[in-house]
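Below: the structure, in structure tokens.
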There are 2 protein chains.
Amino acid sequence: MKITFNCGVIVKRAKKKAFSDFIAQKGLKSTRQRDIILDFFLSSAQHMSLEELYLKLRAKHPGIGYATVYRTLKLFAESGIAREIQFGDGQTRYEQVSEGEHHDHLVCTRCGAIAEFENETIEKLQDEVAAAYGFLIETHKLELYGLCAKCRK
Amino acid sequence: MKITFNCGVIVKRAKKKAFSDFIAQKGLKSTRQRDIILDFFLSSAQHMSLEELYLKLRAKHPGIGYATVYRTLKLFAESGIAREIQFGDGQTRYEQVSEGEHHDHLVCTRCGAIAEFENETIEKLQDEVAAAYGFLIETHKLELYGLCAKCRK
DNA sequence: GTTTATGCAAAATATTTGCACCAGA
DNA sequence: TCTGGTGCAAATATTTTGCATAAAC
């Protein structure tokens with residue numbers, strides 16, 4: 001049994017630290033926009049599309065451009081604090097990545113609700129499959145599509 | 001141990017039958033283009049993108065339009081003989097669906113090679129996860145990304 | 001003859017880039 | 001000051017649609 005204890009504030013701080021380290025190490029600059037976007041991203045719902053993020057951000061910070069949000073999210077992904085995901089609806093979404101943790105998704109095809117889950121046994125089996133094919137796994141993606149409990153009624 | 005015995009010609013014939021039944025049942029028309037595209041699709045490599053399919057098809061049958069291929073592949077998916085897949089490279093790909101069979105993918109991030117696999121235990125575990133969340137699964141997608149045996153060397 | 005399909009071109013989406021100006025180090 | 005960042009608009013890339021003509025039924 002795995003016990004995870006996440007204090008929101010601490011996790012957020014750790015990610016900010018991780019990103020600023022990344023920025024420094026790459027010789028990039030810390031800017032007002034990046035701070036705003038990072039703060040907003042870390043405080044937002046998971047799995048927002050770039051579009052959604054931009055619009056919500058824009059409501060509070062009118063001066064920010066789409067390209068900046070776009071490039072900044074790419075940076076987040078590159079730095080390892082975020083990940084791009086595609087649910088096949090033609091929109092790239094972003095989710096936060098927590099150190100050493102990986103989760104997969106249940107996507108409701110009716111209401112769009114997204115639940116996250118983790119299953120170590122499945123991960124192990126994936127490794128076995130990969131080994132059988134001589135593959136070296138870097139990442140994986142597992143998504144279950146269907147009706148959520150609410151929409152089944 | 002599951003033994004699968006597929007005779008290419010028979011499978012192909014079965015899919016053509018399935019598609020023509022679908023066409024008939026929907027009150028649509030059987031056309032020269034649909035026949036050509038279907039035949040080509042069933043004889044081609046798996047996981048081709050729409051673009052690839054169109055270009056290769058076009059080489060032999062210059063008169064065929066992109067929109068026709070696009071709409072026809074959608075029809076294949078709707079009829080159940082094909083499935084759309086996204087590997088996150090911004091291109092929609094299509095693969096053949098064989099009755100009662102489901103497979104997942106190993107995608108090489110270096111050379112783009114795609115291997116297919118099937119693992120009943122993983123599927124069972126997925127059902128358990130879904131049940132725990134009250135989800136009713138319709139489909140799922142499992143992709144393992146990494147280096148294939150060749151590219152590891 | 002009707003109805004649906006096709007092919008083209010245009011529209012709609014989404015993502016990415018060029019560039020003049022701005023800001024952080 | 002120098003280097004990288006920002007915002008805008010334009011360029012790409014891809015998917016989708018409108019419509020006149022052609023082909024099935």
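All chains are named by letter (A, B, ...) in the order of the sequence lines, taking the proteins before the strands, and each is independently numbered beginning at 1.
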Subject >> Shortest side-chain distance from B:R32, nucleotide among D:dT17, D:dA24, D:dG7 >> reply: D:dA24
**OP:** In whole angstrom, give the distance that lies between atom CZ of A:F22 and atom P of D:dG4.
**Re:** 14 Å
Original post:
The side chain of B:Y70 lies closest to which of these nucleotides: D:dG7, C:dT15, D:dT17?
Top reply: D:dT17
Subject >> Shortest non-hydrogen contact from B:A82 toward B:V97 >> reply: C-CG2, 3.6 Å
Original post:
Which part of the nucleic acid does B:K74 contact within heavy-atom distance under 4.0 Å: base, sugar-phosphate only, or nothing?
Top reply: sugar-phosphate
Original post:
Counting only heavy atoms not in A:R110, do more than 12 sit closer than 6.0 Å to its CZ atom?
Top reply: no
Original post:
When the C1' atoms of the five terminal pairs at each end define the local axes, what inter-axis angle does the helix from C:dG1-D:dC25 to C:dA25-D:dT1 show, to 10 degrees?
Top reply: 30°
Original post:
5'-most contact on DNA chain D: B:A67 or B:D89, nearest heavy atom basis?
Top reply: B:D89
**OP:** Dump the intermediate steps for salt bridge (charged side-chain N to carboxylate O under 4.0 Å, His left out) on A:K12 and A:D39, then the final yes or no.
**Re:** CA-CA 8 Å; A:K12 206 167 151 179; A:D39 199 64; 3.8 Å; yes
**OP:** Provide, to the nearest angstrom, the distance between the CZ atom belonging to A:R93 and the C1' atom belonging to C:dA14.
**Re:** 13 Å
**OP:** Please determine if a side-chain N or O atom of A:T68 lies less than 4.0 Å away from the OP1 or OP2 oxygen of D:dG5.
**Re:** no
**OP:** Whole angstrom is fine here: how far is it from OH in A:Y66 over to P in D:dA10?
**Re:** 17 Å
**OP:** Specify the separation, in whole Å, of atom CD1 of B:I23 and atom P of D:dA23.
**Re:** 18 Å
Original post:
With respect to the phosphate group of C:dG7, does any side-chain polar atom (N or O) of B:Q33 fall under 4.0 Å of OP1 or OP2?
Top reply: yes
**OP:** Show your reasoning for whether side chain to side chain donor-acceptor pair (under 3.5 Å) applies to B:H47 and B:E116.
**Re:** CA-CA 11 Å; B:H47 315 116; B:E116 301 177 347; 3.1 Å; yes
Original post:
With respect to the side chain of B:K29, which nucleotide from D:dG5, C:dT6, D:dA23 is positioned closest?
Top reply: D:dA23
Original post:
Hey, can you pull the residues of residues 34-64 of chain B with a non-hydrogen atom under 4.0 angstrom from DNA chain D?
Top reply: none
Subject >> Which residue lies more 5' along DNA chain C, comparing B:T72 with A:Q86 via nearest heavy atoms >> reply: B:T72
Subject >> Closest heavy-atom pair and its distance - A:R58, A:G65 >> reply: NH1-CA, 4.4 Å
Original post:
Nearest-Å distance, CD (B:E78) to C1' (D:dT16)?
Top reply: 15 Å
Original post:
For B:T92 and D:dT15, is the shortest distance between a side-chain N/O and OP1 or OP2 below 4.0 Å?
Top reply: yes
Original post:
Sub-3.5 Å donor-acceptor pair from the side chain of A:R93 to the main-chain atoms of A:F87, do we have one?
Top reply: no
Subject >> Nucleotide of C:dA5, D:dT6, C:dA25 approaching A:S30 most closely (side-chain heavy atoms) >> reply: C:dA25
Original post:
If we ignore angles and hydrogens, is there a donor and acceptor under 3.5 Å between the side chains of A:T109 and B:E138?
Top reply: yes
**OP:** Can you see which heavy atom on B:L144 is nearest to which on B:L142, and at what distance?
**Re:** CD2-CD1, 4.0 Å
**OP:** In whole angstrom, give the distance that lies between atom CD of A:Q91 and atom C1' of C:dT13.
**Re:** 9 Å
Original post:
Roughly how many Å is it from CG in B:L28 to C1' in C:dT3, rounded to a whole number?
Top reply: 11 Å
**OP:** Please find out if less than 6.0 Å separates the ring center of A:F76 from that of A:Y94.
**Re:** no
Subject >> Worked verdict on A:K141 versus A:H105 for side chain to side chain contact (heavy atoms under 4.5 Å, CB included) >> reply: CA-CA 9 Å; A:K141 186 198 287 184; A:H105 301 100; over 6 Å; no
Original post:
For the pair made of CD1 in A:I85 and P in C:dA14, what is the distance, rounded to whole Å?
Top reply: 16 Å
Original post:
Is any N or O donor-acceptor pair between the side chain of A:R71 and the base of D:dG4 shorter than 3.5 Å?
Top reply: no
